[in-house]
K.L.:
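Please read through the structure below; I'll follow up with questions.
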Number of protein chains: 2
Amino acid sequence: MRISAKAEYACLAVIALAQRRLENRPVPIREIAEAQGIPETFLTQILLKLKGAGLVVSTRGSAGGYRLAQSPEEISLRDVLAVVDGCDLNARDTQGPAGPAAPLLAQVWDQIRASETRVLTKTSIAQLADRSNAHDWVI
Amino acid sequence: MRISAKAEYACLAVIALAQRRLENRPVPIREIAEAQGIPETFLTQILLKLKGAGLVVSTRGSAGGYRLAQSPEEISLRDVLAVVDGCDLNARDTQGPAGPAAPLLAQVWDQIRASETRVLTKTSIAQLADRSNAHDWVI
DNA sequence: ATTCTTCTTGACAAACTCGATAGGAAAGGT
DNA sequence: ACCTTTCCTATCGAGTTTGTCAAGAAGAAT
């Protein structure tokens, strides 16, 4: 029903990493934060989770930063959101009000989540990164 | 992305009212709360908002309670959710991070919201109430 | 009139989200 | 060796969500 700020930031960060992949060097947090307009301290925590999930890898030190662990074509929006939203994307809460009408509603929520998942799964990070580059090109 | 407890409670309450419409009498909050497993004091606030939006009407006094203001066929799930979620169902936040890739994501979020709205608009309270009655009938 | 039921209203508390702050650890440059 | 850069971790605070609690107002039944 509602897209959290954390989720959006995570997606933007991964897209930014995909766009700078050709430079073949780690991208510092600050650079991503400034480019995408994300609070730097919050992005720190998000990238840490993405690293824990194996989506990105980090390098420490003077020329350190983050880079993608996989190719952008293999990463879907759903993969990113599954990390930050705690994997409860399509695992519905089995602890509903348990009233007689609750299962009916749950059925509708499932239907909504299914169409949501369909869109997220078919949208890869590579698609978004390319589209964004194309947009910059026009300007 | 996520369905709030308040939203689910509101839908359950309206469905419950639809099911007891033939009895032609106001249904007290307590009765709805117990039947659907909703915290009674919280349901109080939700019904107040639904009344403010003109979806239900209330009668005070000894034989008082709530009843639907319209026929269940005219009420869609979206109508109910629009009330409790503060009308920001399809009005996307124009205050995004404003980074270069943000519009691309906003486009995807819009796509998701659109398919969401499609499901919610086509699902009427009457459909859910009937389905629930049929289910009880089988048992 | 009194009492009982029910809605109405406002204040309050626990949990989560969004972000800031501060200090530490690892690695590279000099 | 030293110092800078960067990641890493923990904690704290404002705001929202999710409820709870208690006192009040309005109407029906007796």
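Being a predicted model, the structure only gives us computed values, none of them experimental. Naming: A, B, ... by sequence-line order, numbering from 1 per chain.
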K.L.:
Tell me what A/L47 touches on the nucleic acid: a base, only sugar-phosphate, or nothing, going by heavy atoms under 4.0 Å.
P.N.:
nothing
K.L.:
Excluding sequence neighbours, so at least two apart, what forms side chain to side chain contact (heavy atoms under 4.5 Å, CB included) with B/T44?
P.N.:
B/I29
K.L.:
Mind checking salt bridge (Lys or Arg N to Asp or Glu O under 4.0 Å) for A/R20 and listing every partner two or more places apart, or none if nothing turns up?
P.N.:
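If we apply the salt bridge (Lys or Arg N to Asp or Glu O under 4.0 Å) test to A/R20, skipping adjacent residues, the hits are A/E31.
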K.L.:
Scan nucleotides 19-30 of chain C nucleotide by nucleotide, 5' to 3', and note B when protein non-hydrogen atoms come under 4.0 Å of the base, S if they reach only the sugar-phosphate, - if neither.
P.N.:
BBB----SBS--
K.L.:
Between C/dT9 atom P and B/I46 atom CD1, what is the distance in whole Å?
P.N.:
16 Å
K.L.:
At 10 degrees resolution, what angle do the end axes of the helix from C/dA1-D/dT30 to C/dT30-D/dA1 form when each is taken over five base pairs?
P.N.:
10°
K.L.:
How is B/T44 classified with respect to the nucleic acid when contacts are heavy atoms under 4.0 Å: base, sugar-phosphate, or nothing?
P.N.:
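Base contact - B/T44 has a heavy atom under 4.0 Å of at least one base atom.
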K.L.:
Tell me if a side-chain donor or acceptor on A/Q127 pairs with a main-chain N or O of A/K122 at a distance below 3.5 Å.
P.N.:
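Checking the backbone N and O of A/K122 against the side chain of A/Q127, a donor-acceptor pair under 3.5 Å is found.
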K.L.:
Could you tell me the boundaries of the chain A footprint on DNA chain D, defined by atoms under 4.0 Å from its heavy atoms?
P.N.:
D/dT5 to D/dT9
K.L.:
Ignoring hydrogens, what is the shortest heavy-atom contact between A/D85 and A/S4? Give both atom names and the distance.
P.N.:
OD1-OG, 3.9 Å
K.L.:
Could you tell me which residues satisfy salt bridge (Lys or Arg N to Asp or Glu O under 4.0 Å) with A/E73, sequence neighbours excluded, listed by chain and number?
P.N.:
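Testing A/E73 for salt bridge (Lys or Arg N to Asp or Glu O under 4.0 Å), a comparison that skips the adjacent residues, returns none.
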K.L.:
Could you give the NZ-to-P distance, from B/K49 to C/dC7, as a whole number of Å?
P.N.:
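Nearest whole value for this atom pair: 19 Å.
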